[in-house]
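Report on the following structure.
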Amino acid sequence: MENITNSVKYVGVNDKTIDLFEGQYVVPTGVSYNSYVLIDEKIAVFDTVDKRKTEEWLDHVEIALGGRVPDYLVVSHMEPDHSASIKAFLKKYPSVIVVGNEKTFNIAERFFGNIFSNRLTVKDGEELSLGKNTLKFIFAPMVHWPEVMFTYVENEKLLFTADAFGKFGALDVKEDWTCEARRYYINIVGKYGATVQSVLKKVAPLQVEIVCPLHGPVLSENLGYYLGKYNIWSSYMPEDKGVLVAYSSIYGNTAEAANKLAEKLKQKGEHVAIADLARCDIAEAVEDAFRYDRLVLASVTYDGGLFPATEHFIDKIKSKNYQNRKVAFIENGSWAPMSAKLMRERFETMKNIEFADKTVTVKSAVNKDTERELDELVEELIKK
């Protein structure tokens with residue numbers, strides 16, 4: 001627990017017992033569920049935490065309150081990792097007024113039934129005075145649920161941002177913000193870039209010096225850096241020059257071609273990430289696909305179609321609105337290589353994809369012809 005400002009205290013919790021976030025994302029350093037208390041003439045608590053940490057969180061809130069009773073519970077986001085402790089909170093503090101928008105309460109009643117006898121339904125741009133501090137509610141629909149809203153505290157120049165600007169990782173683990181924030185954003189929020197762009201424009205006129213997300217650290221220095229990253233990610237533009245070489249291989253021959261290509265690119269001074277799609281953390285591969293400006297997909301032909309891991313990867317990046325990249329293919333097939341054609345068909349449904357002229361075809365195993373074709377592809381990929 002810490003003081004964010006003279007009025008705002010952090011009361012969130014770390015969870016290092018979780019293995020998969022949202023049932024699918026590996027979180028080796030855990031995750032934080034953030035919650036905040038703003039103490040003024042009236043007291044507002046911002047969001048609850050996952051049910052895995054309810055009791056610990058309630059203890060933190062009680063300490064921060066110092067014997068007082070909260071007046072409001074502001075619900076920024078109804079996803080259960082932030083809302084699952086609402087019922088326990090209202091049982092402990094039954095006089096609390098729950099603050100949300102119409103969509104907040106529609107979703108909340110599906111989770112908890114009709115337990116919100118004390119509620120305040122707010123509209124976009126509406127304000128609520130706590131005394132010295134006034135809360136201004138800024139709707140952020142589909143970032144990344146329809147009920148999401150930010151709250152701006154002008155006196156503190158502070159913005160509560162729900163899941164925006166969050167990251168994987170418990171707060172007592174020291175690690176770079178960018179990598180785990182990127183993996184978090186691309187895989188969870190990434191589909192909704194247009195709505196992220198809209199809310200960035202809405203908050204741009206505000207004087208913001210502190211950003212309080214629902215996961216990850218409070219951000220109070222170099223905010224331009226974080227805003228810049230979000231602008232890049234949500235506009236689907238490449239973040240860095242580089243090549244992701246992603247492959248699916250059965251007996252190692254397609255993997256050999258992919259790794260040879262990666263080494264040749266590195267020798268030319270290119271930054272290269274490589275992913276074995278059948279074995280890697282697929283969320284990391286998706287992250288790298290969006291991070292870099294070029295993608296090479298290498299896949300064996302399987303049952304006349306694509307290898308399942310390749311198909312899954314393409315489906316994942318398409319669902320996150322993959323676009324504005326250069327894509328090349330390496331295919332393998334012992335008698336009827338089809339994977340390049342099938343991969344291209346899928347990418348043709350995506351926006352602003354530039355295809356490499358050169359497609360490398362491996363017929364069973366890498367040979368001198370393959371090496372020559374790989375060299376040709378390298379020259380095309382490094383062409384300015």
Side-chain angles (χ1 to χ4, degrees), residues 1 4-5 7-13 33-141 145-156 158-163 212-214:
M1 193 165 57
I4 307 301
T5 70
S7 300
V8 179
K9 298 178 184 291
Y10 177 84
V11 292
V13 293
Y33 310 120
N34 296 346
S35 174
Y36 307 89
V37 175
L38 196 163
I39 298 178
D40 202 325
E41 293 174 23
K42 292 187 175 181
I43 296 175
V45 176
F46 290 83
D47 296 286
T48 76
V49 301
D50 191 272
K51 63 184 179 182
R52 301 160 63 94
K53 291 288 181 176
T54 299
E55 294 305 319
E56 182 180 349
W57 169 70
L58 286 173
D59 289 344
H60 289 182
V61 172
E62 185 175 7
I63 292 169
L65 292 174
R68 294 181 64 182
V69 174
D71 298 278
Y72 300 104
L73 172 64
V74 178
V75 180
S76 307
H77 182 24
M78 269 304 303
E79 202 165 6
D81 54 331
H82 308 299
S83 69
S85 299
I86 287 176
K87 194 170 184 178
F89 183 77
L90 294 181
K91 183 177 181 180
K92 185 167 185 176
Y93 303 107
S95 64
V96 161
I97 298 171
V98 180
V99 181
N101 56 63
E102 185 177 354
K103 291 180 180 178
T104 306
F105 291 113
N106 287 341
I107 297 172
E109 288 179 1
R110 293 172 196 151
F111 277 114
F112 304 113
N114 188 20
I115 65 169
F116 302 97
S117 54
N118 297 325
R119 69 170 72 180
L120 175 61
T121 304
V122 298
K123 297 180 180 179
D124 191 17
E126 195 168 341
E127 297 183 349
L128 174 64
S129 176
L130 301 181
K132 293 180 181 179
N133 293 285
T134 297
L135 310 181
K136 182 175 182 177
F137 303 105
I138 301 167
F139 287 13
W145 276 28
E147 85 301 348
V148 172
M149 64 182 187
F150 293 1
T151 304
Y152 179 58
V153 187
E154 183 176 9
N155 189 52
E156 300 285 3
L158 183 150
L159 186 66
F160 295 103
T161 59
D163 271 348
C212 295
L214 288 180

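None of the values given here were measured: they were computed from a predicted structure. Just so you know, residue 1 is the first one in the sequence shown, and it goes up from there.
- Under the 4.5 Å side-chain criterion, counting only non-hydrogen atoms from C-beta, W57 is not in contact with R52.
- Taking CD from E79 and CG from D47, the interatomic distance works out to 11.5 Å, rounded to the nearest 0.5 Å.
- M149 and V99 make their closest contact through CE-O, 4.0 Å (heavy atoms, listed as atom of the first residue, atom of the second, distance).
- Between F116 and F112, the ring planes lie perpendicular to each other; the angle is over 60°, past the 30° to 60° tilted range.
- Residues D81 and V49 have side chains not in contact (no heavy-atom distance under 4.5 Å, counting atoms from C-beta outward).
- Between E156 and K132, no side-chain nitrogen of the basic residue sits less than 4.0 Å from a carboxylate oxygen of the acidic one, so the salt-bridge criterion is not met.
- When the options I39, L130, V37, N133 are evaluated for a side chain to side chain contact (heavy atoms under 4.5 Å, CB included) with S7, the one that passes is N133.
- No donor-acceptor pair closer than 3.5 Å links the side chain of S76 to the backbone N or O of A162.
- Under a 3.5 Å cut-off, the side chain of D40 and the backbone N or O of I43 do not form any donor-acceptor pair.
- A distance of 7.0 Å separates CZ of F160 from OG1 of T151, quoted to the nearest 0.5 Å.
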Let me have the donor-acceptor pairs involving side chains of residues 120-127, under 3.5 Å, with sequence neighbours excluded, atom names and distances please.
residue, atom, partner, partner atom, Å
D124, OD1, F139, N, 2.9
D124, OD2, K202, NZ, 3.0
E126, OE1, K123, N, 2.8

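- Side-chain atoms of H82 and D163 form a donor-acceptor pair, as typed in the model, at a separation below 3.5 Å.
- Annotation: the span from S85 atom OG to E56 atom CD amounts to 11.0 Å, rounded to 0.5 Å.
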